[in-house]
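Comments concern the structure below.
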Amino acid sequence: MLNEPKFLKCTICRTMIETLSPQCCDELTCCGRPMELIKPNELITLEEKHLPVIKRGDGCIIVCVGRLLHPMSREHNIMWVEAKTKYSHQRVNLKTGDDPIVTFRIPDRVPVSVYAYCNLHGLWKSSL
Ligand SMILES: [Fe+2]
């Protein structure tokens, strides 16, 4: 079982944080208010362009954000993609114009959770 991270966001300044342990931080505040827990995959109708698709390679995984690739415009984009295993925690920040396709070094057969964050449609997660 992976120690899944928690993602929290300030509803005022939009600061986002990620916890490294799941039992931490239900009471964090920012701008004088409790931070909001961000749950993945809340907009099921948008899965096609947001849910990470994970394929295993030789000692790596290749992640495509969306079965139909997500747009990467200035107004609407995937800000980062992250891969978490029992042994590692890797994140790639993307920028406008990048393809939302990322390769992570992950040993074969190691369970992995992948998170992707869309600036408009929030957090998305797949596991393999
Ligand atoms: Fe989106």
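As the structure lists them, so they are numbered: ligands from 1, and atoms in each ligand from 1.
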Steps toward side chain to side chain contact (heavy atoms under 4.5 Å, CB included) verdict (V65, W124): CA-CA 9 Å; V65 180; W124 297 83; over 6 Å; no
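Around the Fe ion (ligand 1), the angle linking H70 (NE2) with H50 (NE2) is 90°, rounded to 10 degrees.
Of all N, O or S atoms in H76, the one lying closest to the Fe ion (ligand 1) is NE2. Per residue H121, closest N, O or S atom to the Fe ion (ligand 1): atom name ND1.
By the 30° and 60° cut-offs, the orientation of the rings of H76 relative to H121 is perpendicular.
At least one side-chain heavy atom of L94 sits less than 4.5 Å from a side-chain heavy atom of V102.
With T15 contributing its side chain and C10 its backbone, the two residues share no donor-acceptor pair below 3.5 Å.
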